[in-house]
Amino acid sequence: MRAVNTAPPSAPVPATPGDALDVQPTPLALLLLGRDSDPRSERGVECPGDLPSPSDPDLVERARAAKERLGEKVFVLGHHYQRDEVIRFADVTGDSFKLARDAAARPEAEYIVFCGVHFMAESADILTSDRQQVVLPDLAAGCSMADMATAEQVAECWDVLTEAGVADSTVPVSYMNSSADIKAFTGRHGGTICTSSNARRALDWAFSQGEKVLFLPDQHLGRNTAVRDMGMSLEDCVVYNPHRPNGGLTAEELRAAKMILWRGHCSVHGRFTLDSVNDVRERVPGINVLVHPECRHEVVAAADHVGSTEYIIKTLEAAPAGSKWAIGTELNLVRRLANRFAPEGKEVVFLDRTVCFCSTMNRIDLPHLVWALESLADGKVVNRIQVDPETEKFAKLALERMLALP
């Protein structure tokens, strides 16, 4: 995978005292210092181009005018977690996989502007035709969860499973919230992709193919699906930590486990705690707690309802007037739902007292969207996301297995 950045190269980094000592920073250290970029990673990269000022009072009109100039050549996708100022210009809204499929269903659109994060734009590129170009308004809109599993780490994990004698009986299942490289690994090794809506079906299929599952990269979705939905025990699950030798597991532990969970999580959903649930129940008598399955197991166990983003929306749509709901998911969506259902007499509050936006999703703001749309209207393709053919081949194979799930 490579992200094409049309901005001029950065200025040379000035020498530091460490240079004189011939100290060579590691690639990760350079990324953390903001001195480099990794096109195969979800980590943020520098912001390209000359963006409009966020205080420009004409931003809304500029976005509208640029989109009008482009006409049917552009199709704007808006993820549920985007801020309202961006969502207003989306042709469709939804979760990551729904949006990627919507893009594939619009072959007449030459440009797909994906207002989401990096792995989502990759999935759109994989599923759309070669003539369509996928644009991510800000290349720094990555995903911390997807970043928790690199291709090198997962390859090393597979070696550990091989040495333990369990690789042949293990089927990888990767969450949609993963990089194209991880999806391709999954495809090469006979596995499938899943979403938070069909994780149970994906695991049922995987266990019909093998004895164990390597679940990437979100440990909570894997554990919650296995234990809550499939009746496994917590002892059936082990956590593979890529930062420890052999994942921190013995060969015996790997042989005994049914679910080998990658040590990854969502930075938003991982913040909710059992205290959050208990606190909101004390503050709002009679409240219904509705959470996403990326939340911790103890939070899911204490909730009244658990489901994907689409499930959350549909549950609120069907809820009776006067009902009260505490939602454990990203704040932009919760706030939008609260405003939407308030006229119907439904009270919707955020599960936790602490404000919790998806910081990388929020990088897609109105200035970036205006810059991307105006550039396209002027015939200049910026921030194009392209998955290389070999990676696309196997990633698409894994996605097609998911689409074929019973």
Spell out, as yes or no, whether a donor-acceptor pair under 3.5 Å connects the side chain of [X] to the backbone of [Y].
X	Y	result
K396	G187	no
N198	T195	yes
D229	R200	no
K183	S178	yes
N224	C295	yes
D365	H368	yes
D125	V134	no
K212	A257	yes
W262	V154	no
T162	A167	no

Self-check item: V113 and its side chain to side chain contact (heavy atoms under 4.5 Å, CB included) partner, picked from N383, L70, V74
Solution: V74

Quiz item: Picking from L351, I327, D304, V306, what satisfies side chain to side chain contact (heavy atoms under 4.5 Å, CB included) with L290?
Solution: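 Result: among L351, I327, D304, V306, I327 is the only option passing the side chain to side chain contact (heavy atoms under 4.5 Å, CB included) with L290.
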
Quiz prompt | Aromatic ring proximity W158/F185, centre distance under 6.0 Å | solution = yes

Would the number of heavy atoms belonging to other residues, nucleotides or ligands and lying under 6.0 Å from [atom1] of [X] be above 12?
X	atom1	result
D378	CG	yes
E400	CD	yes
R131	CZ	yes
E390	CD	yes

Mind listing the closest non-hydrogen atom pair of [X] and [Y] along with its distance?
X	Y	value
E294	C266	OE1-CB, 3.0 Å
R83	I364	NE-O, 3.7 Å
F97	L399	CE1-CD2, 4.3 Å
D130	R384	O-NH2, 4.1 Å
A63	L373	O-CD1, 4.0 Å
A395	I126	CB-CD1, 3.7 Å

Quiz item: Taking it one step at a time, do E108 and R106 satisfy side-chain contact (heavy atoms from CB on, under 4.5 Å)?
Solution: CA-CA 5 Å; E108 71 277 8; R106 289 290 293 266; 2.6 Å; yes

Quiz item: What do the steps show when you test N332 against R335 for side chain to side chain donor-acceptor pair (under 3.5 Å), and what is the final call?
Solution: CA-CA 5 Å; N332 271 318; R335 189 168 57 186; 3.2 Å; yes

Quiz prompt | Parallel, tilted or perpendicular: rings of H269 and F272 (30°, 60°) | solution =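 Taking H269 first and then F272, their aromatic rings sit tilted (interplane angle of 30° to 60°).
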
Electrostatic pair [X]:[Y] at N-O distance under 4.0 angstrom:
X	Y	value
D56	R62	yes
R340	E317	yes
R353	D275	no
D102	K98	yes
E253	R255	no

Practice problem: Could you walk me through whether L254 and N246 pass side-chain contact (heavy atoms from CB on, under 4.5 Å), step by step? | Solution: CA-CA 10 Å; L254 289 170; N246 297 319; over 6 Å; no

Quiz item: Passes side-chain contact (heavy atoms from CB on, under 4.5 Å), M148 versus R263? Steps please.
Solution: CA-CA 8 Å; M148 292 176 189; R263 190 175 183 269; over 6 Å; no

Exercise. Go through the steps to decide whether Y81 and V117 satisfy the test side-chain contact (heavy atoms from CB on, under 4.5 Å), and finish with yes or no.
Key: CA-CA 10 Å; Y81 296 168; V117 294; over 6 Å; no

